[in-house]
Amino acid sequence: MIEALKGQLDDWYYGRTIIKSFISLLSDTELDKLFPRKYLNSIRRQCAELVQVQSCYVDGLDSGKIKFNLQPVADTSKEGLIKSMDALDQKLENYLNTCEGTETIDWHGEKWIIHRHISAMIGHEQMHIGQIVAFCYTSGIEIPSKIVQMMALDG
């Protein structure tokens with residue numbers, strides 16, 4: 001894998017580790033606690049949406065064109081979400097291992113170089129991490145110490 005993509009993949013895995021830690025370390029009650037957002041109003045729903053959106057990004061690598069045709073996540077249990085994320089991460093890594101770094105993805109008529117495509121995927125995940133952290137602070141959900149340490153939070 002070329003170094004620039006390896007760096008982006010490492011950045012991806014940093015955020016993905018945080019998301020998977022929230023899934024595995026919070027209780028089902030905490031994952032399902034409602035907060036004021038119209039549709040993605042729980043941590044579990046946000047995590048399911050992350051699976052849906054990552055699937056679109058990975059499919060875009062294969063097809064050369066981004067399409068946000070979100071498909072339902074079949075299993076939103078803790079184990080199901082993590083299994084879906086692991087499968088998509090493996091598919092992503094396998095694809096990036098074959099890249100030269102010059103590939104482009106059609107973003108609604110505009111050609112994006114693969115690095116921009118991957119950066120957009122990372123940015124989307126990081127935005128949700130911020131929402132989840134803020135929700136935990138405001139709703140009294142204790143952020144697991146592993147995440148506090150990883151993100152240098154104040155607990």
Would Arg116 and Glu110 count as a side chain to side chain contact (heavy atoms under 4.5 Å, CB included) here? Give the steps.
CA-CA 12 Å; Arg116 184 176 181 193; Glu110 183 180 347; 3.0 Å; yes
What's the spacing between [X] [atom1] and [Y] [atom2] if we round to 0.5 Å?
{"X": "Glu3", "Y": "Asp10", "atom1": "CD", "atom2": "CG", "value": "9.0 Å"}
{"X": "Leu34", "Y": "Asn41", "atom1": "CG", "atom2": "CG", "value": "5.0 Å"}
{"X": "Asp86", "Y": "Asp89", "atom1": "CG", "atom2": "CG", "value": "6.5 Å"}
{"X": "Gln71", "Y": "Ser55", "atom1": "CD", "atom2": "OG", "value": "7.5 Å"}
{"X": "Cys99", "Y": "Leu61", "atom1": "SG", "atom2": "CG", "value": "6.5 Å"}
{"X": "Ile66", "Y": "Cys56", "atom1": "CD1", "atom2": "SG", "value": "6.0 Å"}

Do [X] and [Y] make a side-chain contact, defined as non-hydrogen atoms from C-beta onward lying under 4.5 Å apart?
{"X": "Leu81", "Y": "Asp75", "result": "no"}
{"X": "Cys136", "Y": "Ile43", "result": "yes"}
{"X": "Leu96", "Y": "Ile2", "result": "no"}
{"X": "Phe135", "Y": "Gln46", "result": "no"}
{"X": "Leu26", "Y": "Lys33", "result": "no"}
{"X": "Asp28", "Y": "Lys78", "result": "yes"}
{"X": "Gln126", "Y": "Trp12", "result": "no"}

Side-chain donor-acceptor contact under 3.5 Å, His128 with Glu49:
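There is such a pair (donor and acceptor under 3.5 Å, judged by atom type) between the side chains of His128 and Glu49.
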Of the non-hydrogen atoms in [X] and [Y], which two are nearest, and what is the gap between them?
{"X": "Gly101", "Y": "Ile113", "result": "O-CD1, 3.5 Å"}
{"X": "Ile105", "Y": "Gly60", "result": "CG1-O, 3.9 Å"}
{"X": "Gly15", "Y": "Ile129", "result": "O-CD1, 3.5 Å"}
{"X": "Asp154", "Y": "Tyr137", "result": "OD1-OH, 2.8 Å"}
{"X": "His115", "Y": "Gln8", "result": "O-NE2, 2.9 Å"}
{"X": "Phe22", "Y": "Leu31", "result": "O-CD2, 3.9 Å"}

Among Arg16, Glu125, His124, whose side-chain hydrogen bond (donor to acceptor under 3.5 Å, both in side chains) with Gln54 holds?
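Going through the options one by one, the only one that passes is Arg16.
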Hydrophobic clusters here meaning ILVMFWY residues chained together by side-chain heavy-atom distances under 4.5 Å, can you tell me if [X] and [Y] are in one?
{"X": "Phe35", "Y": "Met127", "answer": "no"}
{"X": "Leu40", "Y": "Leu70", "answer": "no"}
{"X": "Leu25", "Y": "Ile132", "answer": "no"}
{"X": "Tyr14", "Y": "Leu88", "answer": "yes"}
{"X": "Val133", "Y": "Ile18", "answer": "yes"}

Tell me the side chain to side chain donor-acceptor pair (under 3.5 Å) pairs involving residues 95-108, sequence neighbours left out?
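Side chain to side chain donor-acceptor pair (under 3.5 Å) check on residues 95-108 returns Trp107-His117.
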Only pairs under 3.5 Å count here: list side-chain donor-acceptor contacts from residues 140-151, not counting sequence neighbours, and write none if there are none.
unit_1 : atom_1 : unit_2 : atom_2 : d
Lys146 : NZ     : Ser21  : OG     : 3.4

Check the pair Met85, Val51 against side chain to side chain contact (heavy atoms under 4.5 Å, CB included), reporting the backbone distance first and the verdict last.
CA-CA 6 Å; Met85 288 176 178; Val51 169; 3.8 Å; yes
So Tyr57 and Phe68, would you call those rings parallel, tilted or perpendicular, with 30° and 60° as cut-offs?
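The arrangement is perpendicular - the two ring planes meet at more than 60°.
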Apply the test salt bridge (Lys or Arg N to Asp or Glu O under 4.0 Å) to residues Lys91 and Asp62: give CA-CA distance (whole Å), side-chain angles for both, the deciding distance (0.1 Å), then the verdict.
CA-CA 10 Å; Lys91 189 174 178 182; Asp62 283 336; 3.6 Å; yes
